[in-house]
Amino acid sequence: MWHQDEIHLTERPRGFHLITQELVGALPWLAECEMGILHLQLLHTSASLTLNENSDPDVRHDMDAFMRRLVPEGLDYFRHTLEGPDDMPAHVMASLLGTQLTLAVRDSRLVLGAWQGIWFGEHREQGGPRRVMATLTGKADP
């Protein structure tokens, strides 16, 4: 079986957001998959996808604080500044964290650890709506 869909995420403020349930809810054909692979590709260059803590929201806060300190705005050696002071740092963060995830599927569910969830990282102050391409390949339920 193969399925592919574009998922539209609502606009979110800068920071990290747990989106596991939103993505699963947008993939009704996941219920048909006995075993497979789900590939998620964020179609943007200034945001990210990553797998991390799904329980304590302080982890998302702390990750945002760390990333802002790691790649601050206003570095004098950045030449790409036409789209605002947060744009080039956002590109760096997206490259560091990545824009794709590949996840196992078993018994119509994502295979995640007990404390794992899918995070969307918005690295711009005004990132706007975002899109994720989801591609599932696997063995359908009999």
Side-chain angles (χ1 to χ4, degrees), residues 1-73 75 77-142:
M1 68 180 286
W2 282 92
H3 288 280
Q4 189 174 69
D5 243 335
E6 187 173 297
I7 300 167
H8 296 262
L9 302 176
T10 58
E11 185 171 347
R12 288 178 165 83
R14 187 170 179 176
F16 289 94
H17 308 276
L18 186 62
I19 62 167
T20 311
Q21 293 309 315
E22 181 178 355
L23 292 176
V24 169
L27 304 172
W29 31 264
L30 194 62
E32 303 169 19
C33 188
E34 179 183 336
M35 171 182 59
I37 297 290
L38 175 66
H39 181 262
L40 301 170
Q41 178 183 352
L42 184 63
L43 303 175
H44 302 276
T45 62
S46 56
S48 62
L49 290 176
T50 190
L51 197 62
N52 212 308
E53 167 78 42
N54 70 359
S55 181
D56 186 352
D58 285 344
V59 178
R60 294 190 303 275
H61 170 274
D62 293 349
M63 180 68 88
D64 182 52
F66 174 80
M67 293 304 291
R68 287 178 191 240
R69 188 168 187 181
L70 181 66
V71 190
E73 294 180 17
L75 294 173
Y77 51 82
F78 282 162
R79 292 169 43 178
H80 175 72
T81 58
L82 293 176
E83 296 178 59
D86 65 339
D87 191 47
M88 190 59 219
H91 292 307
V92 173
M93 289 181 218
S95 287
L96 289 174
L97 293 168
T99 58
Q100 301 180 60
L101 290 175
T102 301
L103 304 166
V105 176
R106 181 177 50 214
D107 299 327
S108 304
R109 297 174 45 189
L110 295 179
V111 179
L112 298 172
W115 305 109
Q116 288 183 318
I118 301 168
W119 287 12
F120 166 69
E122 177 56 72
H123 306 305
R124 301 282 321 263
E125 293 299 332
Q126 300 292 321
R130 303 295 194 164
R131 299 174 298 134
V132 175
M133 183 61 68
T135 304
L136 176 69
T137 184
K139 179 181 173 194
D141 281 330

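We're numbering straight along the sequence, starting at 1. Note that the structure is a prediction, hence the values are computed from the model and not measured.
- Under the 4.5 Å side-chain criterion, counting only non-hydrogen atoms from C-beta, Leu42 is not in contact with Leu101.
- Atom OG1 of Thr102 is separated from atom CG of Leu51 by 11.0 Å, given to the nearest 0.5 angstrom.
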*Decide side-chain contact (heavy atoms from CB on, under 4.5 Å) for Met133 and Gln4; before the verdict, give the C-alpha distance in whole Å, the side-chain angles of both, and the deciding distance to 0.1 Å.*
CA-CA 7 Å; Met133 183 61 68; Gln4 189 174 69; 3.4 Å; yes

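- Closest non-hydrogen pair, Ala134 versus Trp29, comes out as O-CH2, 4.0 Å.
- Considering every non-hydrogen atom in both Val105 and Cys33, the closest pair reads CG1-SG, 3.9 Å.
- Here the closest non-hydrogen pair linking Ser46 and Asp87 is CB-OD1, 4.2 Å.
- Atom CG of Leu40 and atom CD1 of Ile19 lie 7.5 Å apart (nearest 0.5 Å).
- Side-chain contact between Glu6 and His8: present, with at least one pair of heavy atoms (C-beta onward) separated by less than 4.5 Å.
- Under the 3.5 Å distance criterion, the side-chain polar atoms of Trp119 are matched with a main-chain donor or acceptor of Glu53.
- Judged purely by distance below 3.5 Å, without hydrogens or angles, the side chains of His39 and Gln100 pair a donor atom with an acceptor atom.
- Atom CG of residue Leu23 and atom CG of residue Leu38 lie 8.0 Å apart, to the nearest 0.5 angstrom.
- Sorted by first and then second residue, the pairs that involve residues 105-118 and meet side chain to side chain donor-acceptor pair (under 3.5 Å), not counting sequence neighbours, are Ser108-Asp141.
- Heavy-atom minimum distance, Pro72 versus Phe78: O-CE1, 4.2 Å.
- Ser48 and Ala94 make their closest contact through CB-CA, 4.2 Å (heavy atoms, listed as atom of the first residue, atom of the second, distance).
- Partner of Asp86 under the side chain to side chain donor-acceptor pair (under 3.5 Å) criterion, chosen from Gln126, His91, Arg124: Arg124.
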*Can you check side-chain contact (heavy atoms from CB on, under 4.5 Å) on Val132 and Leu43, steps first, answer last?*
CA-CA 6 Å; Val132 175; Leu43 303 175; over 6 Å; no

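- Contact check for Met63 versus Asn52: side-chain heavy atoms found under the 4.5 Å cut-off.
- Atom CG in Leu112 sits 6.0 Å away from atom CG in Leu103 (nearest 0.5 Å).
- Atoms CG and NE2, on Leu49 and His44 in that order, are 10.0 Å from each other to the nearest 0.5 Å.
- Glu122 pairs with exactly one of Arg130, His17, Arg12, Arg14 by the side chain to side chain donor-acceptor pair (under 3.5 Å) rule, that one being Arg130.
- Note on ring orientation: taking the six-membered ring where Trp is involved, the planes of Phe16 and His123 are perpendicular (angle over 60°, cut-offs 30° and 60°).
- A distance of 9.0 Å separates CD1 in Ile37 from CG in Leu136, rounded to the nearest 0.5 Å.
- Panel note: side chain Thr20, backbone Ile118; a donor-acceptor pair is recorded below 3.5 Å.
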*asked:* If you apply the rule side-chain contact (heavy atoms from CB on, under 4.5 Å), what do you find for Val24 with Leu27, and how did you get there?
replied: CA-CA 5 Å; Val24 169; Leu27 304 172; 5.7 Å; no

*Take Leu18 and Asn54 through the test side-chain contact (heavy atoms from CB on, under 4.5 Å) and record every step on the way to the result.*
CA-CA 7 Å; Leu18 186 62; Asn54 70 359; 4.1 Å; yes

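- Legend: side chain to side chain donor-acceptor pair (under 3.5 Å) pairs involving residues 58-67, not counting sequence neighbours, sorted by first then second residue: Asp64-Arg68.
- Taking the side chain as every heavy atom from C-beta outward, Thr135 and His3 never approach each other to under 4.5 Å.
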